[in-house]
Amino acid sequence: MNPKIWLSSPHMGDQEFNFVKEAFETNWIAPLGPHVNGFEHDLEEFTGAKYAAALSSGTAALHLALIMLGIKAGDEVICQSFTFSATANPIVYLGAIPVFIDSEPDTWNMCPDLLEQAIKDRIAKGKKPKAIVPVHLYGMPAKIEQIIAIAAKYEIPVIEDAAEALGSTVNGKAAGTFGIMGVLSFNGNKIITTSGGGALISDDEKIIDQARFLATQARDAAPHYQHSQIGYNYRMSNVCAGIGRGQMRVLTDRVTQRRKVYDTYLKYLPEFSNFDFQTEPEGYFSNRWLTTILVNPAKNNGVDRETIRLCLEKENIESRPLWKPMHLQPIFENYPSYINGQSEGLFNNGLCLPSGSNLSQDDLERVISNIKSHFHYISQQKEI
Ligand SMILES: *Cc1c(COP(=O)(O)O)cnc(C)c1O
């Protein structure tokens with residue numbers, strides 16, 4: 001059996017281990033310390049956000065963001081439907097109601113027209129949404145300028161889920177820095193990883209101070225443990241932040257490498273197939289976290305995405321359908337939703353290909369030739 005090719009696996013540079021070693025040597029094995037501060041500083045520099053709080057996960061960052069906007073049980077929060085469940089879960093942690101919005105075809109993210117329609121409709125029904133959570137999926141930024149303009153018109157705050165989009169920009173501005181808060185993730189499969197972790201970024205110092213306070217059990221200033229608010233244990237450990245500091249030194253390379261993976265697929269797959277690729281609108285820059293293809297059987301001699309996925313799986317190559325939209329998930333299907341069919345179509349035809357920055361040229365050739373051989377086989381069958 002050939003060695004496994006993963007969808008997206010951790011890719012360390014040569015400094016991460018030194019930072020972790022330093023944490024051990026100085027005994028900073030705690031959810032605070034110099035690496036946490038250093039990592040936050042690196043994130044601020046890279047994204048251009050004025051402030052960053054390093055946290056235990058992207059999910060924790062979303063949870064705190066919603067708490068700080070005062071979201072309470074029964075409130076409605078608008079959320080992109082086409083996403084990973086971690087975008088929607090924290091809304092439900094608070095007893096609030098997610099209102100799901102479908103995607104538009106250019107970026108596959110939240111459709112601004114449906115968003116405005118939903119806001120008007122929720123207001124007409126007597127409940128103005130308390131927040132809007134768009135997502136920059138697979139590294140492709142959402143139509144964030146349009147979304148921000150609509151949000152401003154109705155005075156609703158925006159929390160950007162940029163968990164997959166560190167390194168992506170719109171007109172030179174980093175994904176995650178358009179809304180009042182942005183959420184980043186450093187889980188094991190993201191463009192950089194701290195083995196597990198996340199961050200909240202914002203230009204508002206008070207918000208980030210409050211996030212750090214809530215993330216460390218909401219301790220009031222007193223020599224004893226004094227609490228006037230409910231706290232959380234959501235801070236990033238100094239050991240993990242050490243990994244993060246090393247990863248920040250190679251982040252720009254990682255973006256370049258992932259974009260090269262995309263370019264390689266784009267160069268070779270169309271030679272024998274008619275897959276659709278995600279393209280960057282004018283002014284958009286995607287970190288190309290995952291390369292995704294749409295496999296329309298009508299344009300590909302009857303080959304569908306599941307055929308390709310199973311064929312790759314047999315060859316020990318991991319690929320994955322696109323995210324199943326939240327409005328189609330058993331746990332979320334009864335919440336309100338504004339749907340145009342876009343995300344369901346993406347889910348039915350879409351496939352994420354191995355996209356790690358550590359894939360070798362040989363790995364990529366293996367993926368491409370496996371798809372190609374199967375494709376020929378199928379198309380020959382169809383032609384007979
Ligand atoms: C990974 C991810 C999250 C959650 O981040 P964690 O650090 O894994 O908690 C949230 N939203 C999206 C879109 C993600 O891909």
Side-chain angles (χ1 to χ4, degrees), residues 6-10 31 39 43 52-67 77-93 98 100-103 107-110 131-142 144 147 158-168 175-176 179 181-201 211 215 232-237 240-241 243-244 247 254 258 278 286-292 320-327 329 331-332 343 346-347 350 352 355-356:
W6 298 97
L7 190 71
S8 175
S9 71
F39 184 45
L43 290 171
L55 301 169
S56 54
S57 70
T59 310
L62 272 160
H63 192 195
L64 290 183
L66 293 165
I67 289 167
V77 175
I78 288 185
C79 179
Q80 183 163 321
S81 182
F82 189 49
T83 187
F84 176 42
S85 64
T87 311
N89 283 336
I91 299 168
V92 180
Y93 296 168
F100 294 115
I101 308 290
D102 215 330
S103 296
T107 73
W108 303 359
N109 293 304
M110 184 181 280
I132 301 169
V133 188
V135 189
H136 308 292
L137 271 193
Y138 305 116
M140 180 63 73
I144 193 66
I147 290 169
V158 172
I159 303 167
E160 287 173 80
D161 182 344
E164 301 179 1
L166 182 59
S168 302
M181 288 175 256
V183 168
L184 304 174
S185 169
F186 314 109
N187 208 336
N189 60 358
K190 298 284 155 67
I191 191 149
I192 61 166
T193 182
T194 58
S195 83
L200 192 69
I201 59 176
Y232 302 83
N233 184 5
Y234 277 174
R235 202 74 163 114
M236 180 179 279
S237 106
C240 293
I243 304 174
Q247 288 271 274
R254 298 296 179 259
R258 297 243 178 194
Q278 230 186 356
S286 168
N287 68 9
R288 296 287 183 204
W289 173 56
L290 294 184
T291 295
T292 53
R320 193 184 292 158
L322 301 190
W323 298 120
K324 182 172 180 180
M326 293 306 107
H327 72 273
Q329 298 284 356
I331 191 68
F332 293 122
S343 62
L346 292 168
F347 171 62
C352 304
S355 304

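Every number for a ligand or one of its atoms is a count from 1 in the order of the listing. In this text, all values refer to a predicted model and were calculated from it rather than measured experimentally.
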Any donor-acceptor N or O pair under 3.5 Å, side chains E164, H136:
no
Near E164, which atoms of ligand 1 are under 4.0 Å from a heavy atom of that residue?
13 (C), 14 (C), 15 (O)
List every atom of ligand 1 that sits less than 4.0 Å from any heavy atom of N187, numbering the atoms from 1 in the order shown and giving each element.
8 (O)
For V135, the atoms of ligand 1 under 4.0 Å from one of its heavy atoms are 13 (C)
Closer than 3.5 angstrom, by distance alone: can the side chain of S168 be matched with the main-chain N or O of G139 as a donor-acceptor pair?
yes
Any N/O pair G58/ligand 1 closer than 3.5 Å:
yes
Can Q80 and N109 be counted as having a side-chain donor-acceptor contact under 3.5 angstrom?
yes
Is it the case that the side chains of S286 and R258 hold a donor-acceptor pair, with the cut-off being a distance below 3.5 Å and no angle test?
no
Among the heavy atoms of K190, does any lie under 4.0 Å from an atom of ligand 1?
yes
State whether the side chain of W289 and the backbone N or O of N189 hold a donor-acceptor pair below 3.5 Å, judged by distance alone.
yes
Tell me whether ligand 1 is touched by G196 - counting only heavy atoms on the residue side and a distance under 4.0 Å.
no
May I ask you to list the atoms of ligand 1 that are less than 4.0 angstrom from any heavy atom of F84?
2 (C), 3 (C), 14 (C)
Look only at interatomic distance and state if T59 has a nitrogen or oxygen under 3.5 Å from any nitrogen or oxygen of ligand 1.
yes
Minimal non-hydrogen separation, N187 against S185, with atom names:
N-OG, 3.2 Å
Note: ligand 1 atoms sitting under 4.0 Å from heavy atoms of T87 are 11 (N), 13 (C)
Distance to 0.1 Å, residue and atom name: give those for the protein heavy atom nearest to atom 5 (O) of ligand 1.
S185 OG, 3.2 Å
Between the side chains of D102 and S81, is a donor N or O closer than 3.5 angstrom to an acceptor N or O?
no
Centre-to-centre under 6.0 Å for W323 and F82, is that the case here?
no
Would you mind running through ligand 1 and noting each atom that sits below 4.0 Å from a heavy atom of A86?
3 (C), 4 (C), 10 (C)
Distance-minimising heavy-atom pair for L184 and A162:
CD2-O, 3.7 Å
Can you tell me the protein heavy atom closest to atom 11 (N) of ligand 1 and the distance?
D161 OD2, 2.7 Å
What atoms of ligand 1 come within less than 4.0 Å of a heavy atom belonging to A163?
2 (C), 3 (C), 10 (C), 11 (N), 12 (C), 14 (C)
Any atoms of ligand 1 less than 4.0 Å from a non-hydrogen atom of T83? List them with their elements.
13 (C)
